[in-house]
J.: 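Here it is, the structure, as structure tokens.
The first residue of the sequence shown is numbered 1, and numbering continues consecutively from there.
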Amino acid sequence: MQVHALSLAQQVDYFTMARDRLVRQFGPSHLAKSLFPIVIGANDLFAYFTVGSLVAKLYTPQQYVDRMLSTFKGLLKMLYGLCVRKLAVPGVLAIGCCPMQRTNRAGECNVELNSTANKYNDEATRIEV
């Protein structure tokens with residue numbers, strides 16, 4: 001399965017390029033009042049729990065979550081430096097119960113994937129920028 005998604009890092013790079021134009025057009029205070037939705041984490045966890053995953057061979061689930069959170073925190077700091085103040089981050093849903101994850105488990109949810117998603121969500125709520 002090939003995934004076609006832009007990483008958050010690439011999206012932040014694109015935003016950085018567009019930011020000056022937005023500030024010129026609307027002013028810096030408008031940008032600080034804007035709401036920025038960020039949906040992140042599900043694709044990363046799917047990649048980890050895919051059969052034959054290289055990252056699963058390199059890291060434990062907790063180590064991988066820690067790497068994800070470290071990257072996310074760095075990107076949040078970059079966004080803060082670009083006057084982003086209001087974020088909506090819904091977290092990762094119980095993706096272990098999606099059909100793709102159930103097929104190899106006789107219809108049962110992938111408990112490890114859901115547990116890892118919950119760890120990510122819990123720790124993401126404690127990120128301070």
J.: Side chain to side chain contact (heavy atoms under 4.5 Å, CB included) with L82: which residues, sequence neighbours excluded?
T.: F15, T16, R19
J.: Show every donor-acceptor pair shorter than 3.5 Å between a side-chain atom in residues 21-38 and any protein atom, with sequence neighbours excluded, or say none if there are none.
T.:
unit_1 : atom_1 : unit_2 : atom_2 : d
S34    : OG     : H30    : O      : 2.8

J.: Measure the spacing between CG of N110 and CD1 of I95 and express it to the nearest 0.5 Å.
T.: 9.0 Å
J.: Can you tell me how far CG of L8 sits from CG of N43, rounded to the nearest 0.5 angstrom?
T.: 12.0 Å
J.: Under a 4.5 Å cut-off applied to non-hydrogen side-chain atoms, are Q62 and E123 in contact?
T.: yes
J.: Do the side chain of S70 and the main chain of D66 share a donor and acceptor less than 3.5 angstrom apart?
T.: no
J.: Report yes or no: do V39 and L75 belong to one cluster of Ile/Leu/Val/Met/Phe/Trp/Tyr joined by side chain heavy-atom distances under 4.5 Å?
T.: no
J.: Going by the rule disulfide bond (SG atoms under 2.5 Å apart), which residues pair with C97 if we only count those two or more places apart in sequence or in a different chain?
T.: C109
J.: Apply the hydrophobic cluster definition, ILVMFWY joined by side-chain contacts under 4.5 Å directly or through others, and give me every member besides Y14.
T.: L6, M17
J.: Under the ring pair (Phe, Tyr, Trp, His ring centres under 6.0 Å) definition, can you give me all pairs with a residue in residues 50-86, not counting sequence neighbours?
T.: Y48-Y64
J.: Strictly distance-based, threshold 3.5 Å: is any side-chain N or O of Q10 a donor or acceptor partner for the main-chain N or O of S7?
T.: no
J.: Is there a donor-acceptor contact under 3.5 Å linking the side chains of E108 and Q101?
T.: no
J.: So, the side chain of N114 versus the backbone of G96: is there a donor-acceptor pair under 3.5 Å, distance only?
T.: yes
J.: Are L58 and V65 linked, directly or through other ILVMFWY residues, by side chains that come within less than 4.5 angstrom of each other?
T.: yes
J.: Let me check something: do V129 and Y120 share a hydrophobic cluster, defined by ILVMFWY side-chain heavy atoms less than 4.5 Å apart, either directly or through other members?
T.: yes
J.: Evaluate the side chain to side chain contact (heavy atoms under 4.5 Å, CB included) criterion for residues V55 and D44: first the C-alpha distance (whole Å), next the side-chain angles of each, then the deciding distance (0.1 Å), finally the verdict.
T.: CA-CA 10 Å; V55 290; D44 300 287; over 6 Å; no
J.: Can you tell if the side chain of M68 reaches within under 4.5 Å of the side chain of L45, non-hydrogen atoms only?
T.: yes
J.: What is the minimum heavy-atom distance between E112 and P61, and which atoms define it?
T.: OE2-CG, 3.6 Å
J.: Got a sec, which residues hit side chain to side chain contact (heavy atoms under 4.5 Å, CB included) with D122, two or more places apart in sequence or on another chain?
T.: R126
J.: State, with a plain yes or no, whether a side-chain heavy atom of V92 is found less than 4.5 Å away from one of F46.
T.: no
J.: Tell me if the CZ atom of R67 is crowded by more than 12 foreign heavy atoms within 6.0 Å.
T.: no
J.: Checking the side chain of T50 only, and the main-chain atoms of S53 only, is there a donor and an acceptor separated by less than 3.5 Å?
T.: no
